[in-house]
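Comments concern the structure below.
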Amino acid sequence: MLAGTVTAFSFMSAGTAQAQGALVMYCGVQEEWCRAMTTAFERETGVKVSMTRKSAGEVFAQVKAEAANPRADIWWGGTGDPHMQAAEEGLTVEYKSPKMGELQDWAVRQWEQSKNRTVGIYSGALGFGYNTELVKSNGIPEPKCWADILGAKLKDEVQVADPNSSGTAYTLLATIVQLMGEDKGFEYLKSLHKNVNQYTKSGAAPAKAMALGETTVGIAFMHDIVTMVVDKAPIKVVAPCEGTGFEIGSMSIIKGAKNLDNAKKFYDWALTPAAQKIGAEAKSYQVPSNKSTPVPAEAPKLSEIKLINFDFAKYGSSEERKRLLSKWDAEVKNLPK
C-alpha cells in the first residue's frame, strides 16, 4: 500500500462499530505496522478507524495546515521531534495515561519535556547499511564510520531521506550537528551530498532501495535496515564508529479532536504490552516503551551502540527545527553535485 493512502478497517458489525464510534489516525511508522495496529484496535474495541500513513514531517505539516478544522484525532508513531514541535505550537493536547507508570524513563521524559503533550512509544538508533554484494563487486572498502561514506567510490551510491518530510533524516541532521559541531557538521553534509543519488520522502525508503540493489549505502534507522536483513537481503547494518543519534517515536492527541474519547482509548491501549508486541509481528524491530513488552530479539542492542546524548528538547523545538531545515535547504540540498 502506498504512503499517504487512507485505509478504513472494520472487522466488527456495522452496528457495533457505529455504537462505539470512530477514530481518525495519522500513522508515522511503516505501513504494515500501521495496518496491524488499526486492525487489532478495531477488533478489540469495535471502534472504526480511518488511518492515513505518512512520514513524520508530512504528518506535522498536515496537522498544522488543518489546525483550524482538525481532521484527525490521534497521531501515532514517527520520530519525536515533530511531535515536540507540534506540542510547542499548541497543535496537540495534554493527556496523562494511567499506563504512564509502566513506561521506560526515556518515554516519560519525552512526555514531561513536551508538557504532557506527547509520549514515547518506542526507541531506535540511527545508522546506515550497505549492500554487501555491491560493495564486493565494486571494490568498495566496507564502511564502518560516518566518514567512510564520503569516499569517492560511493559517488551517487548513498541514499537518505529529505529532512523536511522525514523524521529519520531530520534525526541525521540533528545528530551530525551534535556530533561534529554545526560548522563541521554542515561541511560533512555538503560532502555527503556529492554521494547522494536521491533524497527520498520516506525515512525507510533507503533501506528498501539497498535491499533491491538500487543503492549501495542507505542511511536509516537501524531497525528499518534489520527488517530487510530478516527478509534475507544481502545487507550489513552499521552503527557508525564515531557515535550516532537515536529517536523516541511518539504519540500525540490532536487539539480539537472530534473523537476525543476514542483517541484517549487508543492512546491507553497503544501503551500496553499487547499492543506494543504488534510491532515485532509486523517486522518492525524498535525497542518498546512499556517495560513489560518483550524487546524483539532482532532489535539493535542500544546498550552496545555508541549513542550521543541527544538533546530532544532543543532539536525538537520549533525554532531550532525551522532554522536547521532552512539552513539545510539553502546550503546542502540545492548544491550542484
Could you tell me if the side chain of [Y] sits less than 4.5 Å from the side chain of [X], heavy atoms only?
{"X": "Ile235", "Y": "Thr132", "value": "no"}
{"X": "Gln110", "Y": "Met84", "value": "yes"}
{"X": "Glu88", "Y": "Ser317", "value": "yes"}
{"X": "Leu179", "Y": "Glu242", "value": "yes"}
{"X": "Ile219", "Y": "Leu192", "value": "yes"}
{"X": "Val119", "Y": "Tyr267", "value": "yes"}
{"X": "Trp75", "Y": "Ser250", "value": "no"}
{"X": "Ser202", "Y": "Ser55", "value": "yes"}

For [Y], is there an ion pair with [X] - N to carboxylate O distance below 4.0 angstrom?
{"X": "Lys99", "Y": "Glu102", "answer": "yes"}
{"X": "Lys136", "Y": "Glu133", "answer": "no"}
{"X": "Asp156", "Y": "Lys194", "answer": "no"}
{"X": "Glu32", "Y": "Lys283", "answer": "no"}
{"X": "Lys184", "Y": "Glu187", "answer": "no"}

Same cluster (ILVMFWY, side-chain, under 4.5 Å), [X] and [Y]:
{"X": "Met251", "Y": "Ile254", "result": "no"}
{"X": "Trp33", "Y": "Met25", "result": "yes"}
{"X": "Leu260", "Y": "Val24", "result": "no"}
{"X": "Ile121", "Y": "Val59", "result": "no"}

Side-chain ([X]) to main-chain ([Y]) donor-acceptor, under 3.5 angstrom:
{"X": "Ser326", "Y": "Arg323", "answer": "no"}
{"X": "Gln276", "Y": "Asn290", "answer": "yes"}
{"X": "Glu58", "Y": "Lys54", "answer": "no"}
{"X": "Thr227", "Y": "His223", "answer": "yes"}
{"X": "His193", "Y": "Tyr188", "answer": "no"}
{"X": "Asp231", "Y": "Ala233", "answer": "no"}
{"X": "Ser289", "Y": "Gly120", "answer": "yes"}
{"X": "Asn334", "Y": "Ala330", "answer": "no"}
{"X": "Lys144", "Y": "Pro240", "answer": "no"}

Under 3.5 Å, is there a donor-acceptor pair linking the side chains of [X] and [Y]?
{"X": "Thr215", "Y": "Asn197", "result": "yes"}
{"X": "Asn259", "Y": "Lys265", "result": "no"}
{"X": "Ser252", "Y": "Thr118", "result": "yes"}
{"X": "Asp73", "Y": "Asn262", "result": "no"}

How long is the span from the [atom1] atom in [X] to the [atom2] atom in [Y], to the nearest 0.5 Å?
{"X": "Lys264", "Y": "Leu23", "atom1": "NZ", "atom2": "CG", "value": "13.5 Å"}
{"X": "Lys322", "Y": "Gln85", "atom1": "NZ", "atom2": "CD", "value": "6.0 Å"}
{"X": "Ile140", "Y": "Ile149", "atom1": "CD1", "atom2": "CD1", "value": "12.0 Å"}
{"X": "Leu91", "Y": "Gln62", "atom1": "CG", "atom2": "CD", "value": "12.5 Å"}

Next on the checklist: Quick one, Trp328 with Phe186, criterion ring pair (Phe, Tyr, Trp, His ring centres under 6.0 Å). Give me CA distance, side-chain angles, the key distance, then yes/no.
Outcome noted: CA-CA 8 Å; Trp328 184 85; Phe186 267 84; 8.8 Å; no

Checklist entry - Could you go step by step and tell me if Lys327 and Glu182 meet the salt bridge (charged side-chain N to carboxylate O under 4.0 Å, His left out) rule? => result CA-CA 11 Å; Lys327 186 170 180 175; Glu182 188 161 326; 2.7 Å; yes

Next on the checklist: Could you walk me through whether Glu89 and Phe60 satisfy the side-chain contact (heavy atoms from CB on, under 4.5 Å) test, starting with their C-alpha distance in whole Å, then the side-chain angles of each, then the deciding distance to 0.1 Å, before giving a yes or no?
Outcome noted: CA-CA 11 Å; Glu89 295 187 15; Phe60 170 71; 4.0 Å; yes

Checklist entry - Given Asp148 and Tyr130, is the side-chain hydrogen bond (donor to acceptor under 3.5 Å, both in side chains) satisfied, shown in steps? => result CA-CA 12 Å; Asp148 296 340; Tyr130 60 87; over 6 Å; no

Item to check | Derivation of the side-chain hydrogen bond (donor to acceptor under 3.5 Å, both in side chains) call for Asn131 and Thr216 | outcome: CA-CA 5 Å; Asn131 184 301; Thr216 302; over 6 Å; no

Next on the checklist: Let's go through Val287 and Leu302 carefully: what are the C-alpha distance in whole Å and the side-chain angles of both, what is the deciding distance for side-chain contact (heavy atoms from CB on, under 4.5 Å) to 0.1 Å, and is it a yes or a no?
Outcome noted: CA-CA 8 Å; Val287 175; Leu302 298 183; 3.9 Å; yes

Checklist entry - Which atom pair, heavy atoms only, marks the closest approach of Ile278 to Ala40? => result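 Scanning both residues, the minimum pair turns out to be CD1-CB, 3.5 Å.
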
Item to check | Tyr26/Trp76 under side-chain contact (heavy atoms from CB on, under 4.5 Å): CA gap, chis, key distance, verdict | outcome: CA-CA 6 Å; Tyr26 289 162; Trp76 181 80; over 6 Å; no

Item to check | Worked check of salt bridge (charged side-chain N to carboxylate O under 4.0 Å, His left out) between Glu66 and Arg71 | outcome: CA-CA 7 Å; Glu66 295 169 355; Arg71 293 185 192 172; 3.6 Å; yes

Next on the checklist: Does atom NZ (Lys255) have a neighbourhood of more than 12 heavy atoms from anything else shown, all under 6.0 Å?
Outcome noted: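 Not buried by this count: 12 neighbours or fewer within 6.0 Å.
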
Checklist entry - Mind checking whether Phe266 and Trp269 have parallel, tilted or perpendicular rings, split at 30° and 60°? => result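 Rings of Phe266 and Trp269: tilted, as their planes differ by 30° to 60°.
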
Next on the checklist: Below 30° counts as parallel, above 60° as perpendicular, anything between as tilted: where do the rings of Phe312 and Phe246 land?
Outcome noted: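 Judged by the thresholds at 30° and 60°, the geometry between Phe312 and Phe246 is perpendicular.
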
Checklist entry - Between Trp106 and Tyr122, does a ring pair (Phe, Tyr, Trp, His ring centres under 6.0 Å) hold up when you go through it step by step? => result CA-CA 9 Å; Trp106 47 261; Tyr122 59 78; 8.4 Å; no

Checklist entry - For Tyr170, is the NZ or CZ atom of Arg321 found under 6.0 angstrom from the centre of its six-membered ring and inside 45 degrees of the ring axis? => result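 Here Arg321 passes the 6.0 Å and 45° test against Tyr170.
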
Item to check | Face-on cation placement of Lys333 at Tyr199 ring, 6.0 Å and 45° thresholds | outcome: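 No; the conditions do not both hold, so Lys333 does not lie above the ring face of Tyr199.
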
Item to check | Gln159 and Val217: CA distance, side-chain angles, deciding distance, side-chain contact (heavy atoms from CB on, under 4.5 Å) verdict | outcome: CA-CA 6 Å; Gln159 196 169 111; Val217 172; over 6 Å; no

Next on the checklist: Working note: Glu94 + Lys115, criterion salt bridge (charged side-chain N to carboxylate O under 4.0 Å, His left out); need CA distance, chi angles, decisive distance, verdict.
Outcome noted: CA-CA 7 Å; Glu94 295 178 27; Lys115 297 180 180 171; over 6 Å; no

